[in-house]
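Just so it is clear, the model here is predicted, and its values are computed rather than measured. Chain A is the first sequence line, chain B the second, and so forth, proteins listed ahead of strands; every chain is numbered from 1.
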Amino acid sequence: MIRQQLQESIREAILRAQQAGDLPPGEVPQVELETPRQAEHGDFASNVALVLARSMSLPPRRVAEAIARHLRLPPEKVERVEIAGPGFLNFFLSPSWLQEVVRVVLEKGERYGRWDVGRGIRVHVEYVSANPTGPLHVGTARNGAIGDCIANLLDALGFEVFREYYLNDYGAQVLALARSVACRYAELFGRSLPFPEDGYRGEYVVEIARKIAERDGPRWLDAPEEERDAYFREFALAEIVGDIRRTLEAFGIRFDGWFSEAGLYARSDFQKTLELLRARGALYEEGGALWFRATAFGDERDRVVIRSDGTPTYLGGDIAYRRSIYERGFQRLINVLGIDHQGQVRSLKAAVQAMGYDPETLEVILYQHVLFRRGGESVRMSRRAGEIVTLQDLLETVGADAARYFLVMTNPSTPLEFDLDLAVKQSSENPVYYVQYAHARICSILREASKHPVGREFVVAHPGDPHVHLNEARDLDLSTLTHETERALMRKLADFPDVVFTAGMRREPHRLCAFAQELATAFHVFYTQCRVLTDDPELTGARLALVDATRVVLRKTLQLIGVSAPERM
RNA sequence: GUCCCCGUAGCUCAGCGGAUAGAGCGUUGGACUCCGGAUCCAAAGGUCGGGGGUUCAAAUCCCCCCGGGGACGCCA
């Protein structure tokens, strides 16, 4: 990859300059390469001379000159190096090095942009994990979009990724759900039961009650309460989890595991966790409750893990869950949570440390909430008030592609305003369509090529297969790709691996959207200025290769974001 | 009160300590007899919330203040 090669060359040049006595000895800092805003400043620029000038107490430009003198970059890779401004080293790439990128993309295909920095490291990514007491609410949509995209990125970095949904299917809230269903069930038979104080009022509760009534008739009306609660709880959970799973699939998310909180108690994982903490002196009793000595591990206060009524707290279950993940052999835990859970982070890290694991291996990604707007007013959504705006609603109005793209488009730490009216009304102007359009346009060119007298030499169309493939690019002469817009497009293709790396390592999926848009723009600009299918066989073959390489990278980028890459729109 | 996040163009948001702060939408005006006009080109639009500091260089790092959101439970 170009950036790494340049960084290494600069580093070697500094070392050689030091050996030759042109620069004083000293540690060589990490060489940073940036992409200048202006084309006159080259394809890459380095400020390394400015950084070194300080420790070497030499004028920056003189340092830059010494480095430049010792650079050994072959002319087929770098056309020239300039020293500019206060002491920047500006690199101008040769067309042949960029043209080589096209070949690399086509040879690597789907593997272009993959890294192996994560090889052998098992990463557990937990996201969504919404309470199974009702349909998925739009608020969790950002969690899903961000979590899934980060999992995709980690996979691209070579980590062994496991995606899991933690189901809070235990405790008072699911009991309240069971009783809410029971109440609606009784109403169907003209009876009445007291509606639980913390009950669920959504229409879906009535639906579940109706299903039970259809299946079992009135036989639960006079059943013992405990028996009825247990049955209604299991039934309601199965219905709701099934619904959640279907909605997530429509959203493009599929988990490798669904972890039941109730299972932690059934398998005595919870007890084992308490024993572990107790053995390490991290538990004590007070006021009839069992406390975790969190302050000993950096938390602001100690935390209750078992209430005085004997029931475990949410945190207690959470700690046991974390332990189960480490027990299963994962080395890194990533948890995607809404900003309202920020208070839990320190407690969780304290618990991880108390159990003897490195708290650095637990990483919590906090994202700011989405403010949904409709008709210029913010939409207040409260499940318990029964006014549900579900993820399913969002998918039906704006579609999965637009929803995912939009929710991932901004930095997780920035609040996001999602105007539902706008998303519906102007869906054709949504940036996702702009990117998808570039992809569809390329596919159209390839289809067209198979009918073109010159172009058809370079493509293969299989009968019955809608895809038109490019022939081997190995023997193509790409040296005709010299137009300014071709150069800009190749530059973008060359950036892709770096974008994947940065987005993945920094857990900033929005960088993919920015890149997708820039790549699409570079393609559209190229398209309006250069004709792909011409009567010149060399030019046509080279441009088909460029366009096909663009298709590969666009498709890969959209795939990482979690959006489809349509061949026609 | 303590802690976390945010404040950049009319709106929604990018911006890695670097050179003249960007994109989309919106506004105004343009562009193929030809591979998809869901496209392209151009213009207008900014005291980067305010004030100090560090640095050769600050939207970016540090401190204070202002504004918005959130967290500080034997809730989940």
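Taking atom C1' in both B:rC64 and B:rC25, the straight-line distance is 37 Å, to the nearest Å. To the nearest whole angstrom, the two C1' atoms, one in B:rC4 and one in B:rA42, are 44 Å apart. With P as the reference atom, B:rC66 and B:rG50 are 15 Å apart, rounded to whole Å. As rounded to the nearest Å, B:rG18 and B:rU2 have P atoms that lie 33 Å from one another. As rounded to the nearest Å, B:rA23 and B:rA43 have P atoms that lie 11 Å from one another. Rounded to a whole angstrom, the distance from the P atom of B:rG7 to that of B:rG15 is 10 Å. Separation of the P atoms belonging to B:rC41 and B:rG24 is 9 Å when rounded to the nearest angstrom. Taking atom P on both nucleotides, B:rG29 is separated from B:rG22 by 26 Å, rounded to a whole Å.
By the 4.0 Å N-to-carboxylate-O rule, A:Lys349 lies too far from A:Glu360 to be salt-bridged with it. Salt-bridge formation is detected for the pair A:Arg487/A:Asp43: a Lys NZ or Arg NE/NH1/NH2 atom is positioned less than 4.0 Å from an Asp or Glu carboxylate oxygen.
Dashed line: the shortest gap from a side-chain N or O of A:Ser444 to OP1 or OP2 of B:rG36 is under 4.0 Å. For B:rG15, one of the phosphate oxygens OP1 or OP2 lies less than 4.0 angstrom from a side-chain nitrogen or oxygen of A:His510. Taking only side-chain nitrogens and oxygens, A:Tyr434 comes nearer than 4.0 Å to OP1 or OP2 of B:rC40. One finds a side-chain N or O of A:Arg301 lying less than 4.0 angstrom from the OP1 or OP2 phosphate oxygen of B:rG73. The phosphate of B:rU39 (OP1 or OP2) has no side-chain N or O of A:Thr528 nearer than 4.0 angstrom. Considering only side-chain N and O atoms, A:Arg307 lies under 4.0 angstrom from the phosphate OP1 or OP2 of B:rC75. At the phosphate of B:rC35, neither OP1 nor OP2 sits under 4.0 Å from any side-chain N or O atom of A:Arg456.
The side chain of A:Arg531 approaches B:rC35 more closely than any other nucleotide in the set B:rG15, B:rG18, B:rC35. Of the candidates B:rG73, B:rG36, B:rA76, the closest approach to any side-chain atom of A:Arg303 belongs to B:rG73. Residue A:Gln517 has its side chain nearest to B:rG24 when only B:rA38, B:rG24, B:rC74 are considered. The listed nucleotides are B:rU20, B:rC74, B:rG36; the one nearest the side chain of A:Gln38 is B:rU20. Closest to the side chain of A:Ile445, from the set B:rA38, B:rC35, B:rA19, is B:rC35. The side chain of A:Val525 has B:rC40 as its nearest neighbour among B:rC3, B:rG24, B:rC40. For A:Arg37, whose side chain is taken as the heavy atoms from C-beta onward, the closest listed nucleotide among B:rG22, B:rA71, B:rU20 is B:rG22. Comparing B:rA19, B:rC5, B:rG73 against the side chain of A:Gln368 picks out B:rC5 as the nearest. The side chain of A:Glu40 sits closest to B:rU20 out of B:rU20, B:rA71, B:rA38.
For A:Glu34 and B:rG18, a side-chain-to-base donor-acceptor distance below 3.5 Å is absent, hydrogens and geometry of angles not being considered. Between the side chain of A:Gln344 and the base of B:rA76 there is at least one donor-acceptor pair of N/O atoms closer than 3.5 Å.
Shown here, B:rC74 forms no base pair; nothing in the strands shown gives a Watson-Crick or G-U wobble contact with both key distances under 3.5 Å. Using the Watson-Crick or G-U wobble rule with both distances under 3.5 Å, B:rA23 pairs with B:rU12. Remark: B:rA42 base-pairs with B:rU28; criterion is Watson-Crick or G-U wobble with both hydrogen-bond distances under 3.5 Å.
The six-membered or imidazole ring of A:His483 lies away from that of A:Phe526, with a centre-to-centre distance of 6.0 Å or more. Aromatic rings of A:Tyr437 and A:His524 (six-membered ring for Trp) have centroids within the 6.0 Å cut-off, being under it.
For the pair A:Arg142 and A:Tyr367, the cation does not sit on the ring face, since its NZ or CZ is not both under 6.0 Å from the ring centre and inside 45° of the axis. Geometrically, A:Arg491 engages A:Phe44 in a cation-pi contact, judged by NZ or CZ lying under 6.0 Å from the ring centre and within 45° of the ring axis.
More than 12 heavy atoms of other residues, nucleotides or ligands shown are found within 6.0 angstrom of CD on A:Gln5.
Applying ring-ring contact (aromatic ring centres under 6.0 Å, His included) to A:Tyr170 and the options A:Tyr265, A:Phe270, A:Tyr314, A:Tyr321 leaves one that passes, A:Tyr265. With A:Arg322 as the partner, the salt bridge (charged side-chain N to carboxylate O under 4.0 Å, His left out) test is satisfied by one option alone out of A:Glu126, A:Glu164, A:Glu363: A:Glu126.
B:rA71 atom C1' lies 15 Å from atom CG of A:Leu315, rounded to whole Å. A straight line from CD1 of A:Ile365 to P of B:rC4 spans 19 Å, rounded to a whole angstrom. A:Lys492 has its NZ atom 13 Å from the P atom of B:rA23, to the nearest Å. As rounded to whole Å, 13 Å separates atom P of B:rG73 from atom CZ of A:Arg346. Rounded to whole angstrom, the span from the CG atom of A:Asp340 across to the P atom of B:rC5 amounts to 16 Å.
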Set out, in order, the CA-CA distance, both residues' side-chain angles and the distance that settles side chain to side chain contact (heavy atoms under 4.5 Å, CB included) for A:His137 and A:Leu391, then state yes or no. CA-CA 5 Å; A:His137 169 276; A:Leu391 173 55; over 6 Å; no
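Between A:Cys513 and A:Val408, the shortest heavy-atom distance links the atoms SG-CG1, 3.5 Å. Nearest heavy-atom pair, A:Asp302 versus A:Trp291, reported as atom, atom and distance to 0.1 Å: O-CZ3, 3.6 Å.
Taking the nucleotide of RNA chain B with the nearest heavy atom to each of A:Gly85 and A:Glu300, the more 5' of the two is matched to A:Gly85. Along RNA chain B, the nucleotide closest to A:Asn168 and the one closest to A:Ser413 are compared, and the more 5′ of them pairs with A:Ser413.
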Check the interface with nucleotides 9-13 of chain B: list each N/O to N/O pair with the protein under 3.5 Å, or write none.
| from | atom 1 | to | atom 2 | distance (Å) |
| --- | --- | --- | --- | --- |
| B:rC13 | OP1 | A:Pro415 | O | 3.0 |
| B:rC13 | OP1 | A:Glu417 | N | 2.6 |

For nucleotides 54-57 of chain B, print each protein N/O atom paired with a nucleotide N/O atom at under 3.5 Å, atom names and distance only.
| from | atom 1 | to | atom 2 | distance (Å) |
| --- | --- | --- | --- | --- |
| B:rU55 | O3' | A:Arg54 | NH1 | 3.3 |
| B:rC56 | OP1 | A:Arg54 | NH1 | 3.0 |

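A:Gly287 comes within 4.0 angstrom of a base, heavy atoms only. A:Ala45 comes within 4.0 angstrom of a base, heavy atoms only. Within the 4.0 angstrom heavy-atom criterion, base atoms lie near A:Leu533. Across all strands shown, A:Ala449 has no heavy atoms under 4.0 Å from either base or sugar-phosphate atoms.
A donor-acceptor contact closer than 3.5 angstrom links the side chains of A:Asp309 and A:Thr311. If you check the side chains of A:Asn47 and A:Glu34, you find no donor sitting under 3.5 Å from an acceptor.
Ring-to-base geometry places A:Phe88 in a stacked arrangement with B:rA19 (centre distance under 5.5 Å, plane angle under 30°). In this structure, A:His369 does not count as stacked on the base of B:rG70 under the 5.5 Å centre distance and 30° plane angle limits.
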